[in-house]
J.: 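If you scroll down you'll find the structure; I have some questions about it.
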Protein chains: 2
Amino acid sequence: MPESPSREQILEAAQRLFAAQGFSATTIKQIGRAARVNTALLYYYFDDKERLYRAVLQRLMSGLVSRTLVPLESDAPPAVRMRGFIEAQVHTFMANPELPRLFMREMLDHGVAHAVDQIQHLAATSFKGLCDTIREGQRQGTFRTDIQPEFAAISSVAQVVYFFLARPAVRVLLGKEISTATVEAFARHVADFTLAALTSGIDVAPKPRPRRRS
Amino acid sequence: MPESPSREQILEAAQRLFAAQGFSATTIKQIGRAARVNTALLYYYFDDKERLYRAVLQRLMSGLVSRTLVPLESDAPPAVRMRGFIEAQVHTFMANPELPRLFMREMLDHGVAHAVDQIQHLAATSFKGLCDTIREGQRQGTFRTDIQPEFAAISSVAQVVYFFLARPAVRVLLGKEISTATVEAFARHVADFTLAALTSGIDVAPKPRPRRRS
DNA sequence: GTCTATAGGCTGATAGAC
DNA sequence: GTCTATCAGCCTATAGAC
């Protein structure tokens, strides 16, 4: 697959614009201008606007899996792996703010029709790893067993994704600018909050003894 | 303010279409057709497409506050109020699926520029009520004090909103259709999960005694 | 309040020279 | 691979009859 520089410029510009404005609001001319490339050239590399959009989406989504999977595959205790996953997710989004935006837009606009393959891959790797980690914690007795692993996994992801997307609203709600420090503080909060939920009611002493009712 | 039936039909059709397709992808002709109203009539009631959009957004958002505020204002214990809020939120979204969609679209497309007033109102009522409820639980000793109330409030909201928006992706992740029963199960999960996080490490016995280290 | 007709601009996409 | 020129269609919005 020859990686021509023009093709790459087009993909990058399209990614930025589609994420910022959405598919319909972004014009071919805008992409051409942003990519410093003649408009007609887009049709040399891509059949039409929609296929360009799909190429952008798939390129972006394929990177997500690889980066969030690593911490889940370590042999650390489940709680540590959970923290690692949440951190990896936050850092991936900070380094690539277009990812959550484009993903959400695809959900709203097309019901993930253009990303079914990538999500199935996600279901079989990162999401499965997350659920398995929770299940392992439950088997070990460090996580509550009355929580559905799949739901807990969704709760964990939801907090992070939502915070990145809702930044403008959160700015108004908190009445202050959302600095990088705030993002990182919220990332720690999500890890603490999620692990608190999973370990709630579990005796955390090294050698747990059954507690007696008074 | 005379509530003409045509005007109302236009607002309802616009709400459905803007929520489903977004502002740019929705045409004035589509709205006219869906509202069974002549296209030119839209310009009799609204100055232009954007002002129609703003009218839709504000009409929809104003309803949100009133419905989620009620459970927060009861004199029940904080944990009960939290559950009530989460339930109210879920039922509001189930009865009105366009609300979370349109709100998210506004965040993505315009950084909530068209809804700043409504969000400030939200910040002063529902969101403040939620934070105050958490703070009260912390003062009473039933909620952990090492959690920031504002962050916990966002976590709680995030889980619910995200689940409604991510339904197509969740369908693929879970490998099954998302029935009403699944939505309600997830709603209970969010309440359990959130309260587990808030009460984690807190002694839940009726008359808590300091626990002795072995 | 509701309709017809239409202006004027922009959009995605193509043909064809180089 | 890159460019110019261009088209056909759709879009928002308006003018004006009824």
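Every chain is numbered from 1, with letters handed out A, B, ... down the list of sequences.
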J.: Side-chain donor-acceptor pair under 3.5 Å between A/H114 and A/E50, yes or no?
T.: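 A donor-acceptor contact under 3.5 Å links the two side chains.
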J.: Does B/N38 put a side-chain nitrogen or oxygen below 4.0 Å from OP1 or OP2 of C/dG1?
T.: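 B/N38 to C/dG1 OP1/OP2: no side-chain N or O under 4.0 Å.
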J.: Mind calculating the distance between CZ (B/R33) and P (D/dC10) to the nearest angstrom?
T.: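 Spelled out: CZ on B/R33 to P on D/dC10 is 12 Å.
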J.: List the steps and the verdict of salt bridge (Lys or Arg N to Asp or Glu O under 4.0 Å) for B/D132 and B/K128.
T.: CA-CA 6 Å; B/D132 286 346; B/K128 183 179 182 302; 2.7 Å; yes
J.: Rounded to whole Å, how long is the line connecting atom CD of B/Q9 with atom P of C/dT2?
T.: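 Distance check: B/Q9 CD to C/dT2 P gives 9 Å.
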J.: Taking all atoms of both residues into account, what is the closest heavy-atom pair of B/N96 and B/L60, and its distance?
T.: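 For B/N96 and B/L60, the tightest heavy-atom pair comes out as ND2-CD1, 3.7 Å.
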J.: Between B/Y44 and D/dT14, does any side-chain N or O lie under 4.0 Å from OP1 or OP2?
T.: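 For B/Y44, the contact criterion (side-chain N or O under 4.0 Å from OP1 or OP2 of D/dT14) is not met.
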J.: According to ring-ring contact (aromatic ring centres under 6.0 Å, His included), who are the partners of A/Y45, at least two apart in sequence or on a separate chain?
T.: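 ring-ring contact (aromatic ring centres under 6.0 Å, His included) list for A/Y45, sorted by chain: empty.
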J.: Return the angle between end axes of the helix from C/dG1-D/dC18 to C/dC18-D/dG1, with five pairs used per end and rounding to 10°.
T.: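 Answer for the end axes of this duplex: 0°.
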J.: Regarding B/S126 and B/T68, do their side chains bring together a donor and an acceptor under 3.5 Å, going by distance alone?
T.: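 Yes, a side-chain donor-acceptor pair sits under 3.5 Å.
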J.: In whole Å, what is the span from the CZ atom of A/R36 to the P atom of D/dC3?
T.: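 From A/R36 CZ to D/dC3 P: 13 Å.
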J.: Between B/R16 and B/E98, is there a salt bridge with N-O shorter than 4.0 Å?
T.: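 Salt bridge between B/E98 and B/R16, a charged N being under 4.0 Å from a carboxylate O: no.
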J.: Within this structure, what is the CG-to-C1' distance between B/L42 and C/dC3, rounded to whole angstrom?
T.: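 Going from CG in B/L42 over to C1' in C/dC3 covers 13 Å.
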J.: Please report, rounded to the nearest Å, how far the C1' atom of D/dT14 is from the CG atom of B/L41.
T.: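 In whole Å, D/dT14 C1' lies 14 Å from B/L41 CG.
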J.: Along nucleotides 5-13 of chain C, 5' to 3', which nucleotides get a B, which get an S, and which get a -, given that the test is a protein heavy-atom distance under 4.0 Å?
T.: ------SSB
J.: Classify the side-chain pair A/Y162/B/Q159 by whether it contains a donor and acceptor separated by less than 3.5 Å.
T.: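 There is no such pair (donor and acceptor under 3.5 Å, judged by atom type) between the side chains of A/Y162 and B/Q159.
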J.: Is it true that A/R67 and A/Q89 share a donor-acceptor pair across their side chains at a distance under 3.5 Å?
T.: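 Short answer, no.
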